Amino acid sequence: MAASSLLRSLTRHARGGSAHPIHKPWSPFSTTTAAAAAASGARRDEASKGFPGLGPTAKGEKARVVVLGTGWAGSRLMKDLDTGGYDVVCVAPRNHMVFTPLLASTCVGTLEFRSVAEPLARIQPAVSKSPGSYFLLARCTGVDPDAHTIDCETVTDGEKDTLEPWKFKVAYDKLVFACGAEASTFGIHGVTEHAIFLREVHHAQEIRRRLLLNLMLSDVPGLSEEEKRRLLHCVVVGGGPTGVEFSGELSDFIIRDVKQRYSHVKDYIHVTLIESGVRLVQGIVKDVQPNKLILDNGEEVPYGLLVWSTGVGASPFVKSLPFPKSPGGRIGIDEWLRVPSVRDVYAIGDCSGFLESTGKDVLPALAQVAERQGKYLASQLNRVMKAGGGHADSEAEADPGPPFVYKHLGSMATVGRYKALVDLRQSKVR
């Protein structure tokens, strides 16, 4: 229910404008001087000469907010940004937002893939209509905070034989890192090569393809009993919400569909959930091979489908950024979601975490955290723009307003057969 309300909030039509109080612009930098601003502007002018891409904005033009990512945080931010005062440029390797809580349902046909993907152009129409707003199918590869530019490289997956990736730069007035996290493999050999993650639509498509292929092949004569059992053994590593929900969906699929449509092999298919602290198959995976995985006790577990859902961690890109990091390697932020070591840079969602100096715990990598951070930061940036501080280096000293506060609203995980586990305990404000 909470997840559905989040999706509705992201896909509603934009509300009509309303009057807002005008606040003075704010900045985390107490040593701002005209000379420093002029020097920074000179560096941007120099960096803008001769490079392909989007150059710095000029006086009289809209300020430019560059958002890296189309996840829960970035999509909510872009939805709420006031495009009357900002141009929005999104740089990301996908042009849609994925409703991740329902990905598991698409793997077995309960939902279709198009039901869990929302095009960015519907979330923020300006990226396809406004002259200065764009969606750029690319990845950010570096940032120059002094010049207020980012380096990018196009994403040409599947077209590398005919189209080589190329590089370009984008100048920004405000930069928001919302690039998420990546699946944690803990350095275990073979995971990336042989396991399937469940974080993107194409992951769900591959799981469905592999599952149906194995079901059909297992019905063909000439297959040994042992190989048939291996093909129809679905192994899920990770006992968190994703792993549990996917296992529940598979269980329903076996009970309702496999027994009717694949009756010859219905007794061979089964699901195993491996978790280091749960007695389903208790153990820690040490090695992953093409047809089996090895546990820490030496036990071999053959599989036909292996889904890996052991949580997320900071990506190599995030780790490479020249910013202070929070515990766990995320981009360090203050209570206002700013990267305090540089100007005009923010971070939200799974790629960010409070610095230890704030005294706050790093928030969990959840959709409701990211969505509320995106909403909060949009209101902050809109306030800055209306106070005349939207362009680079234009914020003056002022009260930054209330800091971001997160209160957990509860969690829910479906376990199959129309049942779910719900935790609605009140949490402390963080």
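Keep in mind that this is a model prediction, so the values were computed, not measured.
Between Met97 atom CE and Ile123 atom CD1 the span is 6.0 Å, to the nearest 0.5 Å.
A salt bridge between Arg94 and Glu200 is present, with a side-chain N of the basic residue lying under 4.0 Å from a carboxylate O of the acidic one. Glu118 has a carboxylate O that lies under 4.0 Å from a charged side-chain N of Arg122, or vice versa, which qualifies the two as a salt bridge. Remark: Asp393 engages Arg343 in a salt bridge, criterion side-chain N to carboxylate O under 4.0 Å.
Side-chain atoms of Thr272 and His233 form a donor-acceptor pair, as typed in the model, at a separation below 3.5 Å. Side-chain atoms of Gln380 and Asn382 form no donor-acceptor pair, as typed in the model, at a separation below 3.5 Å. Judged purely by distance below 3.5 Å, without hydrogens or angles, the side chains of Glu164 and Thr156 never pair a donor atom with an acceptor atom.
Arg383 contributes a side-chain N or O that, together with a main-chain N or O of Pro400, makes up a donor-acceptor pair within less than 3.5 Å. Judged by distance alone, the side chain of Asp334 and the main-chain N or O of Arg338 form a donor-acceptor pair under 3.5 Å. At distances below 3.5 Å, not a single donor-acceptor pair connects side-chain atoms of Arg64 with backbone N or O atoms of Lys174. A distance-only check finds no donor-acceptor pair linking the side chain of Ser75 to the backbone of Trp72 [under 3.5 Å].
A heavy-atom distance below 4.5 Å is found between the side chains of Val143 and Tyr172. Counting only heavy atoms from C-beta outward, the side chains of Leu355 and Pro340 approach each other to under 4.5 Å. For the pair Val66/Ile150, a side-chain contact is recorded, criterion being any heavy-atom separation below 4.5 Å from C-beta on.
Under a cut-off of 6.0 angstrom, the local environment of CD in Glu356 is sparse, with at most 12 non-hydrogen atoms contributed by other residues, nucleotides or ligands.
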